[in-house]
Amino acid sequence: MIHVENLIKEFGPKRAVNGVSFTVKRGEILGFLGPNGAGKSTTMRMITGFIPPTSGAVRIAGFDISEKPIEAKKLIGYLPESAPCYSDMTVNGFLRFTAELRGLRGAAIDSAVANVAGLCFLEGVLHQSVDTLSKGYRHRTCFAQSILHDPQVLVLDEPTDGLDPNQKHEVRQIIKRMGQTKAIIFSTHILEEVEACCTHAIIIDHGTVVANGTPSELKSRADNAGSVSLRVHSIAAETVRTRLNSLSLSGKVTLQGSDVTVTARIFPRDRTLSGELARAVADLAIKEGWRFDELYTEEGRLDDVFRTITLPNSVKSTSKD
Amino acid sequence: MNESLRNIWTILKRELTGYFASPVAYVFIVIFLLLNGFFTFMLGGFFEQGEASLSRPFFNWHPWLYLFLVPAAGMRLWAEERRVGTLELLLTMPITAWQAIVGKFLACWTFLALALALTFPVVISVFYLGHPDGLAIISGYIGSFLLAGAYLSVTLATSAITRNQVISFILSVVICFFLILAGWEPVTNLLVRWAHPDIVELVAGFSVMPHFANFQRGVVDFRDLLFFASVIVFSLFSTSVILRNLRGA
């Protein structure tokens, strides 16, 4: 549905987006990650046709956004970053206005507005002026506008920004539900959000895609992904180390803690062996009669991956220490 | 209804209700009418002139009244959209920039027409007091309406340049002031000293005054209509260029 090909955007001498390509199919939810100023919003603005790309192409269901803007825009629902609304209108008036621009007529407008007002919990404020709304309500009003015409493609720039935890949860549920039948791309700073609802994730930095995969693929790129963690009691640290080192599957072993409680992290020689390593460690601990109360395989954390990928090299090396 | 007309109508409706949703419209209309009355009866010498005509006491003031009031009415049209960020919303809707420009322009022009129409008591007065030339009054109103449209189109362009309404207002007043003064003798005399006569004539040709004066006298000339139409079309076209550059850079 969304096809982005080698997208480049230059603002004067500065290259904000540098050759971004990806595809989002129907039924996929793409999480768009990256530090501030990485080019996320600029990319989304090009996808939705607000700004033209310097070069490259965006196709929405086959329609090129530069050549067939009207046809392409009809298929898109868009929530801009600041969630702007016309402040001199009521929520109802604003939603009806956008519905009309989306080409809805008569009774279709009534039912569409009633529907999104229900979905986004706006019934109570429908006849209130946008001016008087709190930030969360204004945000949801703009979000409501983006899903009003039941678009096939949804582009959401930080849809949960500025919402309270309950509202965040609610918006995520809506996105997840709609993701089954639509192609959705949304940007966020909250990494749990990506794990919670995305089928795919892209990390973008300095205008280029630096990582692209499913959330679990990305997580496995963390430095400690696949390592096995073991916590034992009342065993000398050195004993633990030599025993663990003797395992054929284990690579590096690091230890933490006092002699009373020792936490060992065992890295596999090869990442594909991490499942077997965990079993081997368990067998060893039982054979040795160690008292352990914790044994698990580290999946890797998206935060760590995000940091290692997007931090400049100098900072990266110090943060590891 | 055609789709593009429908989009223009949707935007026009929104802008127009926007005016009346805030006190802006009412303040504007009241001030416009008060100033009109003041100029006509106190400064224009409506009663003293001894003839039943609106040309001098009433329409004479319009280029100057509009100079400040039209930019005030139109300065927010794009500047506010840019400041709040709704421009992004509007231009990612399945509409063309032209439809948005024309919709906004017509909305504000309709509003100005409404304010102008509310000056009808002065027409009633002049008919009550004497036997004026009705057609001259109609052509005066047409001229005034077109003049407002020309100023408004300039304001629309300056409004797209900036997100600051004050800057948009000042720029537009300056440009409209130029449109008034361009043909005025002290200005042309200033140019004559160093510029080629053709350039002087070109600059003088931008002046709205002689064209408006014809309408005031009761003459509806095709060339005057063409003048106002071309100012409006040119300014609206400039607006679309400004908006496109804004998104490009």
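Just so it is clear: chains get the letters A, B, ... in the order the sequence lines come, proteins before strands, and each one is counted from 1. Heavy-atom basis, side chains included; hydrogens, waters and symmetry copies ignored.
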Quiz item: More than 12 non-hydrogen atoms from neighbouring residues, nucleotides or ligands closer than 6.0 Å to CZ on B:F177, yes or no?
Solution: no
Quiz prompt | Least distance between heavy atoms, B:G85 atom then A:P84 atom | solution = O-CG, 3.2 Å
Quiz item: Where do A:I76 and B:M93 land on the side-chain contact (heavy atoms from CB on, under 4.5 Å) test, with the steps shown first?
Solution: CA-CA 9 Å; A:I76 305 177; B:M93 290 284 167; over 6 Å; no
Quiz item: So which residues of residues 94-123 of chain A are in contact with chain B at a heavy-atom cut-off of under 4.5 Å?
Solution: A:F94, A:F97, A:T98, A:E100, A:L101, A:R102, A:R105
Quiz prompt | Option that, when pairs with chain B are counted at under 4.5 Å, heavy atom only, ranks first among A:G49, A:P80, A:S82 | solution = A:P80
Quiz item: Would you find more than 12 non-hydrogen atoms of other residues, nucleotides or ligands less than 6.0 Å from B:F32 atom CZ?
Solution: yes
Quiz prompt | Partner of A:Y86 under side chain to side chain donor-acceptor pair (under 3.5 Å), chosen from B:E15, B:E80, B:E81 | solution = B:E81
Quiz item: Pick from B:N7, B:L89, B:L90: which one has the most heavy-atom pairs with chain A under 4.5 Å?
Solution: B:L89
Quiz item: What are the residues of residues 139-155 of chain A, in order of number, with any heavy atom under 4.5 angstrom from a heavy atom of chain B?
Solution: A:C142, A:Q145
Self-check item: Rounded distance [0.5 Å steps], CD1 in A:I51 versus OG1 in B:T92
Solution: 11.5 Å
Self-check item: Under 4.5 Å from any heavy atom of chain A - which part of B:S22
Solution: neither
Quiz item: What do you reckon, is NZ of B:K13 surrounded by more than 12 foreign heavy atoms closer than 6.0 Å?
Solution: yes
Quiz item: Are any side-chain N or O atoms of A:K73 and backbone N or O atoms of B:L91, one a donor and one an acceptor, separated by less than 3.5 Å?
Solution: yes
Self-check item: Engaged part of B:T17 at the chain A interface, taking heavy atoms whose separation is under 4.5 Å
Solution: neither
Quiz item: Has A:H206 got more than 12 heavy atoms of other residues, nucleotides or ligands less than 6.0 Å from its NE2?
Solution: no
Practice problem: Measure the spacing between CG of A:D88 and OH of B:Y19 and express it to the nearest 0.5 Å. | Solution: 10.5 Å
